[in-house]
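Notes follow once the structure below has been shown.
Quick note on labels: first sequence line is chain A, next is B, and so on, each numbered from 1.
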Amino acid sequence: MASRRCLQTLTKTTPFLFRNLSSLRSLTIPPFHLAKASSPVFTKPTSVFAQWPHLRYFSSDKQDDHSDEEDYSEEEDYEDDDDDDDVPVSSRKKVYTAEEKEAEADAIGYRVVGPLPKDDDVFKPYEPVFAVVQIGSHQFKVSNRDSIFTERLKFCEVNDKLILNKVLLLGSANQTIIGRPIVPDAAVHAVVEEHALDAKVIIFKKKRRKNYRRTKGHRQELTKLRITDIQGIEKPQVVLTEKPSKPAKKEQEKVAASA
Amino acid sequence: MGQPILSPFGRVVGQSGLTCFMALRGVWQLNKLIVSYCDWGGSSRGIRAFMESHLPAFKEKNPQLEVVTELIRGQHPHLKGFYKNKNQRVICVKNMDPEDIHLHATRLRNALGRKVVKLRTRHVTKHPSVQGTWTTSLEY
């Protein structure tokens with residue numbers, strides 16, 4: 001870095017120095033003669049700089065011949081950063097391949113199945129079964145027909161079906177399955193209801209008597225999921241027939257309790 | 001027992017006592033989108049470009065949505081969304097890029113028509129307990 005500054009100031013202020021190649025050679029320090037030629041090497045540049053005392057002298061022992069190439073690459077990087085600042089935010093999106101999407105979604109804890117079919121079998125009546133499911137870093141105890149607000153899930157649209165993989169606990173009226181840490185072969189089906197922004201929260205910072213006051217507005221992006229189905233546990237059978245089903249119901253409860 | 005798609009939404013009392021709309025269920029909530037612009041003003045430049053570039057694709061992607069373009073001379077452009085629960089959302093898009101306008105239109109389409117209030121709970125349920133709510137006097 002010091003060498004780059006040195007070269008730039010030299011080229012700006014004393015361009016005639018660089019017109020002659022011989023003078024340039026006298027300025028560059030040969031790389032492999034550090035130990036022996038330290039004293040004679042230093043005398044050469046000082047003699048040059050004696051004529052222009054206003055210029056600062058930077059000595060760098062590690063000055064290499066290929067430092068110029070590195071300096072050019074550094075300059076190019078800085079220019080690219082400036083260009084990125086000018087480019088609008090909307091075109092800086094990362095393009096995900098299908099595999100990357102699945103991998104990231106899997107890491108968060110869900111899987112996109114596809115758009116909702118028009119059969120509408122999905123919205124079942126309430127079943128007394130619950131599951132503890134994890135999405136990202138948040139865990140929810142869900143049941144059928146619940147709705148959940150999570151952080152914005154990137155790879156799904158509204159009206160998409162999801163399967164939430166990370167199920168930590170399953171429970172019904174007379175059975176509980178505890179996962180270590182997750183229950184394998186358990187799935188919770190959900191449908192994306194909306195992608196919306198939360199209400200605005202104003203972040204106000206103030207330091208008293210220091211003339212410092214900042215106001216910032218923030219709206220969190222949320223996704224609302226409707227839980228439709230929980231799989232991986234035996235659900236109690238609800239028989240919807242008339243009176244003669246009463247003894248049948250009692251038998252089923254006994255069977256479920258014993259299981 | 002599946003419910004038909006075009007059934008009217010029903011009100012459900014959530015855990016916190018709020019009425020929440022059992023909306024969607026496969027039904028889109030945004031009925032109509034009015035794209036208002038001015039053909040002379042400079043603040044409508046972005047929305048005019050949006051109408052040429054992104055709007056046809058947006059219309060094709062959302063056949064259930066009725067998109068109307070309206071000319072309002074001498075005024076700033078805006079997007080008006082009408083929802084099934086009779087709510088309106090107006091977004092002023094003056095001096096915006098076509099990509100930003102597309103983002104706002106997509107946001108309107110993705111949202112339910114509910115009022116934007118701070119969330120009370122992140123988990124809205126009608127049946128909070130399956131195995132029975134715990135009390136101090138519960139005996140196993």
Close side-chain approach of N159(A) and W28(B), heavy atoms under 4.5 Å
yes
Can you confirm whether R122(B) sits close enough to I148(A) that some side-chain heavy atom of one is under 4.5 Å from a side-chain heavy atom of the other?
no
I would like to know whether K224(A) and L112(B) meet side chain to side chain contact (heavy atoms under 4.5 Å, CB included); could you show each step before the answer?
CA-CA 10 Å; K224(A) 186 176 180 188; L112(B) 306 178; 4.1 Å; yes
Using 0.5 Å steps for rounding, measure from the CD atom of E157(A) to the OG1 atom of T106(B).
8.5 Å
Which atom pairs, one a donor and one an acceptor, fall under 3.5 Å between side chains of residues 49-71 of chain B and the rest of the protein, sequence neighbours left out?
from: S53(B); atom 1: OG; to: A49(B); atom 2: O; distance (Å): 2.8
from: N62(B); atom 1: ND2; to: F58(B); atom 2: O; distance (Å): 3.1

Who passes ring-ring contact (aromatic ring centres under 6.0 Å, His included) against H127(B), sequence neighbours left out?
Y126(A)
Counting only heavy atoms not in D39(B) (residues, nucleotides, ligands), do more than 12 fall under 6.0 Å from its CG?
yes
Sub-4.5 Å heavy-atom contacts with chain A: which residues of residues 129-140 of chain B show up?
S129(B), V130(B), Q131(B)
For V116(B) versus L197(A), what's the shortest heavy-atom pair and its separation?
CG1-O, 4.2 Å
Residue T228(A) versus chain B: region with a heavy atom under 4.5 Å
neither
Against chain A, work out which of K118(B), K115(B), R107(B) has the most heavy-atom pairs shorter than 4.5 Å and name it.
R107(B)
May I have the step-by-step check of side chain to side chain contact (heavy atoms under 4.5 Å, CB included) for T125(B) and V142(A), ending in yes or no?
CA-CA 8 Å; T125(B) 175; V142(A) 293; over 6 Å; no
More than 12 heavy atoms of other residues, nucleotides or ligands under 6.0 Å from CD1 of I203(A): yes or no?
yes
Run the side chain to side chain contact (heavy atoms under 4.5 Å, CB included) check on F149(A) and V124(B) step by step: do they pass?
CA-CA 9 Å; F149(A) 289 92; V124(B) 180; 4.2 Å; yes
Are more than 12 heavy atoms, taken from residues, nucleotides or ligands other than K235(A), located less than 6.0 Å from that residue's NZ atom?
yes
Enumerate by number any residue of residues 213-221 of chain A whose heavy atoms lie under 4.5 Å from heavy atoms of chain B; in the absence of such residues, state 'none'.
R219(A), E221(A)
Counting distance only, does the side-chain N/O of H123(B) pair as donor-acceptor with the main-chain N or O of F140(A) below 3.5 Å?
no
Examine whether an atom of K200(A) lies under 4.5 Å from a heavy atom of chain B, and if so say whether it belongs to the side chain, the backbone or both; otherwise answer neither.
neither
V129(A) versus chain B, heavy atoms under 4.5 Å apart: side chain, backbone, both or neither?
backbone
Heavy-atom side-chain contact between R114(B) and E194(A) under 4.5 Å:
yes
